[in-house]
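Everything below concerns the one structure shown next.
This is a predicted model, so every value here is computed, not measured.
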Amino acid sequence: MPEFNPDMPESTTQPLRGDLTARPSDVWEDASGAWRRATQVVSREVDQRPIRTALISVGAGYLLGGGLFTPLTARLVGTGLRLALRTLALPAIATGAITLGKQFLSDDGHRPNRFD
């Protein structure tokens, strides 16, 4: 038996959602209300961000269509990783080259000899 909670109002007139005693008309109203809210959210999203919504739809269709474990996906992931690594590595290499160049061409009057 559930414990009494004074903060929670007791209601004996309406059945709990998902209760087996709910009438079919109540279930239908709940389902149609949820469907209406979902279509409003999607409609608002399409109006505000159409390109993002289209890309999400294409991606979801690709995944649901079985495209996750295909050669195309492997190529796309490989290309994305290569581009990401180049993007991350290029600034580090450039910074190292600049630091090395500054050390090599220091203004203290002493140019290091390559064979020292």
Side-chain angles (χ1 to χ4, degrees):
M1 176 152 191
E3 294 181 22
F4 175 72
N5 185 354
D7 297 331
M8 187 173 213
E10 292 188 37
S11 173
T12 57
T13 58
Q14 292 183 350
L16 296 174
R17 300 209 187 266
D19 190 6
L20 295 177
T21 61
R23 295 186 317 221
S25 62
D26 292 339
V27 173
W28 178 255
E29 288 175 14
D30 289 345
S32 63
W35 178 257
R36 202 173 314 113
R37 286 188 300 276
T39 56
Q40 288 171 353
V41 168
V42 171
S43 176
R44 187 173 358 133
E45 188 71 22
V46 169
D47 290 340
Q48 291 176 353
R49 298 174 192 92
I51 294 173
R52 184 175 91 169
T53 306
L55 291 174
I56 289 172
S57 300
V58 168
Y62 182 75
L63 290 176
L64 291 173
L68 186 60
F69 299 109
T70 61
L72 175 63
T73 304
R75 278 191 230 132
L76 289 174
V77 169
T79 302
L81 285 175
R82 278 195 301 276
L83 288 174
L85 288 176
R86 286 180 188 167
T87 303
L88 293 174
L90 189 60
I93 293 171
T95 303
I98 290 171
T99 304
L100 186 62
K102 285 181 181 179
Q103 288 176 356
F104 185 71
L105 299 173
S106 62
D107 290 334
D108 61 357
H110 178 268
R111 292 186 183 236
N113 189 352
R114 183 175 169 184
F115 299 109
D116 281 346

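Ionic pairing of D26 and R23 is present here: one or more N-O contacts between side-chain nitrogen and carboxylate oxygen are shorter than 4.0 angstrom.
With values rounded to the nearest 0.5 angstrom, R49 atom CZ is found 13.5 Å from L55 atom CG. In this structure, CG in L90 is found 12.0 Å from CG in L85, a value given to the nearest 0.5 Å. Once rounded to the nearest 0.5 Å, the distance linking CD1 of I56 with CD of E45 reads 6.5 Å. Between atom CG of residue L100 and atom OG1 of residue T95 there is a gap of 12.5 Å, rounded to the nearest 0.5 Å.
The side-chain contact (heavy atoms from CB on, under 4.5 Å) check on V58 picks up nothing, with sequence neighbours excluded. For S57, the side-chain hydrogen bond (donor to acceptor under 3.5 Å, both in side chains) criterion is met by no residue, not counting sequence neighbours. Residues forming a side-chain contact (heavy atoms from CB on, under 4.5 Å) with T79 (at least two apart in sequence, or on another chain): R82, L83.
When atom types are taken as modelled, the side chain of T73 and the backbone of F69 share no donor-acceptor pair closer than 3.5 angstrom. Formation of a donor-acceptor pair under 3.5 Å by the S43 side chain with backbone atoms of T39 is not found in this model.
Shown here for Y62 and T70, the closest heavy-atom pair between the two residues is OH-OG1, 3.1 Å.
Atom CG of L72 has more than 12 heavy atoms from other residues, nucleotides or ligands within 6.0 Å.
Contact of the R37 side chain with the V41 side chain is not registered, since no non-hydrogen atoms from C-beta on lie closer than 4.5 Å.
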